[in-house]
A.B. asks: 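I am attaching a structure below and will ask some questions about it afterwards.
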Amino acid sequence: MSDFTPTEMMTIAASRALTNDDVCFVGIGAPSAACNIARLTHAPDITLIYESGTVGTKPDVLPLSIGDGELCDTALFTVSVPEMFRYWLQGGRITTGFLGGAQIDRFANLNTTVVGPYDHPKVRLPGGGGAPEIASNCGQIFITMALSKRGFVDKLNFITSMGHGEGGNHRERLGIKTKGPTRVITDICMLEPDPVTKELTVVSIHQGVTRQQIIENCGWPIKFAETVIDTPVPTETELQTLRDINARTKKAHQGTKEAA
Amino acid sequence: MSDFTPTEMMTIAASRALTNDDVCFVGIGAPSAACNIARLTHAPDITLIYESGTVGTKPDVLPLSIGDGELCDTALFTVSVPEMFRYWLQGGRITTGFLGGAQIDRFANLNTTVVGPYDHPKVRLPGGGGAPEIASNCGQIFITMALSKRGFVDKLNFITSMGHGEGGNHRERLGIKTKGPTRVITDICMLEPDPVTKELTVVSIHQGVTRQQIIENCGWPIKFAETVIDTPVPTETELQTLRDINARTKKAHQGTKEAA
Amino acid sequence: MARLTSLAEAISENVHDGDTVAMEGFTHLIPYAAGHEVIRQGKKDLFLIRMTPDILYDQLIGTGAARGMKFSWGGNPGVGSLHRFRDAVENQWPRPLEIEEHSHAAMANAYEAGAANLPFAMLRGYIGADLTKVNPNIKQVTCPFTGEVLAAVPAIRPDVTIIHALRADRKGNVLLEGIVGVQKEAVLGAKRSIVTVEEIVNELNPPSPNSVVLPSWAVTAVVEVPGGAFPSYAQGYYPRSNAFYIAWDEIARDRDTFQAWIEENIMKARPEDFAKHAKKAA
Amino acid sequence: MARLTSLAEAISENVHDGDTVAMEGFTHLIPYAAGHEVIRQGKKDLFLIRMTPDILYDQLIGTGAARGMKFSWGGNPGVGSLHRFRDAVENQWPRPLEIEEHSHAAMANAYEAGAANLPFAMLRGYIGADLTKVNPNIKQVTCPFTGEVLAAVPAIRPDVTIIHALRADRKGNVLLEGIVGVQKEAVLGAKRSIVTVEEIVNELNPPSPNSVVLPSWAVTAVVEVPGGAFPSYAQGYYPRSNAFYIAWDEIARDRDTFQAWIEENIMKARPEDFAKHAKKAA
């Protein structure tokens, strides 16, 4: 192991895919870290939008929720939630949306709804939130999830948000004009949909990871692209920026515990 | 003739129909004067809304347009025009709407669109603006128009906004739940729809006006209610309030004429 | 005109057993004090509506106040599961919970349609999503001009909406600011509404003519409850207690610790107890 | 990102002959300077859209720049007719004008639907109104839940929208305030947009987090034109010239006086000439 964790690598790899011109619909957790690392390193003019209505936020600490006061305080402006979903997301103004989930399949469809049957779930997950429309209305989708057999499954219990559906031109057939998931960033490798079949394929492997590890951690027989590169390791700046914001965040969220 | 003009009587009679609990959608001209006289005399808590989006305005001078700065400066708050028409008018929040027009028929339908055929009009009028939906979405409608053969016609060239349609229960048959025009205030008398037929009927006559004058100035054979009262003359307070605001208004609108 | 009253009266007059109730708040301005009063008064068989049911709805569900819930994301934001919600859905404890599940976009549009007095909302949504298979309240509508098919959901028109806002004036006009969520729509679409506020002031003084204001005549009851959004927050008054949200995970995981917490912090508490949280203002 | 440029360039790059153009402003913030530049550059065959075409559209119609107009109220507010508009409709002078006429509610909803990327808007409207008989773009849609029938109109998606706003920062983020009309929707629904502003400042400083802001990346061009809304007004900068609106009635009544006015005040003028009107700020 080198001097960074797999989660750090995942976050930094995701941040690199973002540019100054991006308008990002940010989710909580890894996406929020990735987007803010991009903003604090190579993409200072990136626009970050959280579904709580905050547009152009520049949080100093990462929010715990999608609507922490920090997001509003540092935003260019804040709109109502109906406006956010109508004018900005459905309006086609978002270039890149971030999603994650409990389960993903080979065509980058996601499940965050239930494990087991919908009516009698074994595990009731939080549900889709903004995901179904983020998946279809953003220009493209990045997905961040740690690679594991439990998460990368052969068949989803429930399609919360559609990625490439049954693969191939399924999105087109449904009249969707956006690209859908173009990149899945995991803690040990990066996947991209095959240009034709749309099946997720390994295109880049993080430092110190073997192909065997990837195969063993995926719930379907995962394919490797013809050319697979080594993911460049985090730079000193990237790592330091990530660790600084994580440290600030941890400190900020550990207030005094109080009863209501 | 006494010491007030027919227009003054019309405006003051209209103002008296308003109460403290009313939320009024105000039009320009006579309605604006009437609503503000009500506010400045017997109904200080009346809520005035102009379709430009200003809610709870208390203008010191009457606006020339529906969106003078005075309306926004003195409003409780100002919303966008889509919100005004969606949440507030269509939302059913307005108790009383004021309308006027170039032409009215016996069922209080109004024309502000064209004289002559629509495709080849003899006179092209400004059009309906907010009227079609004000007419159906406000709790009730007051109409202010000077009584004249040209304005009170047997048949409209064009129905811009529906009053009682063909009379009787026509509104109900179309699924409209609001009352429609309940009062027409003219410069010489007041009309109300007959409870059953909905035909406009004289219920009150202003001072110094004869029945013959009313009959001669109406384009259809106008009916009189069983009981017709004398419209109470303006009080000193009402007249003075109206004349004061008219004087302030005249002064405010006569700025220096300039070319753009 | 809104009635300025006490929280106990506002809830007792406006929330009835069996009502459809929206207590809205998108992370910010969640009406915790009012929700606790609903629990304290033992309201029953409520059908709850909220885009993001969080701890407050976990409390309502765990105490058995709810017969059902319409929602789009039911979790403890940034922390994990709502254990009481899961226990109700997975094990029917303390009673079965009927659920009607949507996406955020659909819920936001449905509130918007409710405020606009429309019977339904339409959206470019739900494409390829399985919710359409399990929720009969997701239908379709066809554009009469282009032939495009859009998703349709019923407008949300609660019996009563409860929100928390920053301040009100003595006439009952209400100001919201910051992350305003769907609260304005939820109030305007409801038959009755209760607004708790951090403070009642002489002059509302909105910072902009375009500030988010609810006029007194569009609200049923206004109640001053300083700190009433804790552990959520009130912009400019006190911050979100992320620590409490983290701590809830442990409290709610177990039925006994949950019930003990409810007994101590809701049943034995009063609305005025929230005021201590407001004192932390910067 | 919006390009900060000159008015001549903004118009010449973004307004093309034949375009569908919305120059919006509901009494407040009407983009007169930009409209005059459109006339000066001799743009032709425009299809104009506006809820309340007033003097500016009278000028565009009278100079023959427009082939058609979609609108809901075409008058000189509080004064009377738009004589050039009437002359075009009644006498086809200087050319025939195709009209598509709606109600305010329908237009407002149609702009809203355009901003929301929907193909159409629905409303409780047009009941018993004759416009439904003369405008084929008023159709119906049925609620899939209740069976209610609502009016439907196509969304408004202009080729280019032109508005005037209060100020922008150096990145091109724009602030509107006061009577904001349908300007935000008109910009978001358009393929391209031009915003003229009273001033460009270092910091936008919106007075409220919920202020009406258009971010730079949602706007094509931003141009500083002080006084650019005259004889309309800019809240906090200068008042509406009601006197000019009254005076226009006489200028526009006659074709010759109208043409002389255009020659003198538009063809021989420059955008900078508007600055003198901004100097009257209180």
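A quick note: this is a predicted structure, and the numbers were derived from the prediction, not measured. Letters A, B, ... mirror the listed sequences (proteins, then strands); counts begin at 1.
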A.B. asks: From C/His104 NE2 over to A/Leu89 CG, what is the distance, rounded to the nearest 0.5 angstrom?
C.D. replies: 11.0 Å

A.B. asks: Measure A/Asp73 against the heavy atoms of chain C and call it side chain, backbone, both or neither at under 4.5 Å.
C.D. replies: both

A.B. asks: Could you go through A/Gln90 and C/Leu123, starting from their C-alpha distance and side-chain angles, then the distance that decides it, and tell me whether this counts as side chain to side chain contact (heavy atoms under 4.5 Å, CB included)?
C.D. replies: CA-CA 8 Å; A/Gln90 184 174 273; C/Leu123 66 152; 3.5 Å; yes

A.B. asks: Could you walk me through whether C/Arg86 and A/Val123 pass the side chain to side chain contact (heavy atoms under 4.5 Å, CB included) test, one step at a time?
C.D. replies: CA-CA 8 Å; C/Arg86 283 187 55 180; A/Val123 181; 3.3 Å; yes

A.B. asks: At a 4.5 Å cut-off on heavy atoms, which part of C/Met51 comes close to chain A: side chain, backbone, both, or neither?
C.D. replies: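 The answer is the side chain of C/Met51.
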
A.B. asks: Nearest 0.5 Å please: distance from the CG atom of A/Leu174 over to the CD1 atom of C/Ile127.
C.D. replies: 7.0 Å

A.B. asks: Where on C/Ile246 is there a heavy atom nearer than 4.5 Å to chain A: the side chain, the backbone, both, or neither?
C.D. replies: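 C/Ile246 touches chain A through side-chain heavy atoms alone.
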
A.B. asks: Might you point out which heavy atoms bring A/Ser80 and C/Glu185 nearest each other, and give the distance in Å?
C.D. replies: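 Closest approach of A/Ser80 to C/Glu185: OG-OE2, 4.4 Å.
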
A.B. asks: May I ask you to test the A/Cys72-C/His28 pair for a side-chain heavy-atom distance under 4.5 Å?
C.D. replies: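 Not in contact.
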
A.B. asks: Is A/Lys179 atom NZ crowded by more than 12 heavy atoms from other residues, nucleotides or ligands, each under 6.0 Å away?
C.D. replies: no

A.B. asks: How about residues 47-65 of chain A versus chain C: which residues have heavy atoms under 4.5 Å apart?
C.D. replies: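 Counting heavy atoms that sit under 4.5 Å from chain C, the residues of residues 47-65 of chain A involved are A/Glu51, A/Ser52, A/Thr54, A/Leu64, A/Ser65.
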
A.B. asks: Sequence neighbours left out, what pairs pass side chain to side chain donor-acceptor pair (under 3.5 Å) with at least one residue falling in residues 125-142 of chain A?
C.D. replies: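 Applying side chain to side chain donor-acceptor pair (under 3.5 Å) to every pair that reaches into residues 125-142 of chain A, excluding sequence neighbours, yields A/Thr96-A/Gln140, A/Glu133-C/Ser103, A/Gln140-A/Thr182.
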
A.B. asks: Is the shortest side-chain heavy-atom distance between A/Pro121 and C/Val89 below 4.5 Å?
C.D. replies: yes

A.B. asks: Identify the heavy atoms of A/Ile66 and C/Phe26 that sit nearest to each other, and give their distance.
C.D. replies: CG2-CE2, 3.3 Å

A.B. asks: If we ignore hydrogens and angles and just use 3.5 Å, is the side chain of C/Glu90 paired with the main-chain N or O of A/Arg124 as donor and acceptor?
C.D. replies: yes

A.B. asks: Can you list the residues that meet the ring-ring contact (aromatic ring centres under 6.0 Å, His included) rule with A/Phe25, with sequence neighbours excluded?
C.D. replies: none

A.B. asks: Relative to chain C, which of A/His170, A/Met84, A/Glu83, A/Arg86 shows the most heavy atom pairs under 4.5 Å?
C.D. replies: A/Arg86

A.B. asks: If you compare all heavy atoms of C/Thr27 against all heavy atoms of A/Asp68, which two are closest, and at what distance to 0.1 Å?
C.D. replies: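 Looks like CG2-N, 4.1 Å.
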
A.B. asks: Look at atom CZ of A/Arg150 and say whether more than 12 heavy atoms of other residues, nucleotides or ligands are closer to it than 6.0 Å.
C.D. replies: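 Result for CZ/A/Arg150: open.
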
A.B. asks: Calculate, to the nearest 0.5 Å, the distance between atoms NE2 and CD belonging to A/His120 and C/Gln92 respectively.
C.D. replies: 7.5 Å

A.B. asks: Specify which of C/Gly74, C/Pro53, C/Gly75, C/Ala106 makes the most heavy-atom pairs with chain A at under 4.5 Å.
C.D. replies: C/Gly74

A.B. asks: Side chain, backbone, both or neither: which part of C/Arg124 has a heavy atom under 4.5 Å from chain A?
C.D. replies: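 C/Arg124 touches chain A through backbone and side-chain heavy atoms alike.
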
A.B. asks: Considering non-hydrogen atoms only, spot the tightest contact between C/Val182 and A/Pro82 and give its length.
C.D. replies: CG1-CD, 3.5 Å

A.B. asks: Contact part of C/Tyr233 toward chain A, heavy-atom cut-off under 4.5 Å: side chain, backbone, both or neither?
C.D. replies: side chain

A.B. asks: Given heavy-atom pairs under 4.5 angstrom as the criterion, report whether the side chain, backbone, both or neither of A/Tyr118 touches chain C.
C.D. replies: side chain

A.B. asks: Just wondering, more than 12 heavy atoms not from A/Glu172 lying within 6.0 Å of its CD?
C.D. replies: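 Check fails, neighbour count at 12 or below.
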
A.B. asks: Using non-hydrogen atoms and a limit below 4.5 Å, what part of residues 130-138 of chain C faces chain A?
C.D. replies: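 Within residues 130-138 of chain C, near chain A: C/Asp130, C/Leu131, C/Val134.
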
A.B. asks: Can you tell me which of A/Pro132, A/Gly67, A/Gly129 forms the most heavy-atom pairs within a distance under 4.5 Å of chain C?
C.D. replies: A/Gly129

A.B. asks: Taking side chain as everything from C-beta outward and backbone as N, CA, C, O, which of these in A/Val114 sits under 4.5 Å from a heavy atom of chain C? Side chain, backbone, both or neither.
C.D. replies: neither

A.B. asks: Give, for atom CH2 of C/Trp73 and atom OG1 of A/Thr113, the distance between the pair rounded to the nearest 0.5 Å.
C.D. replies: 12.0 Å

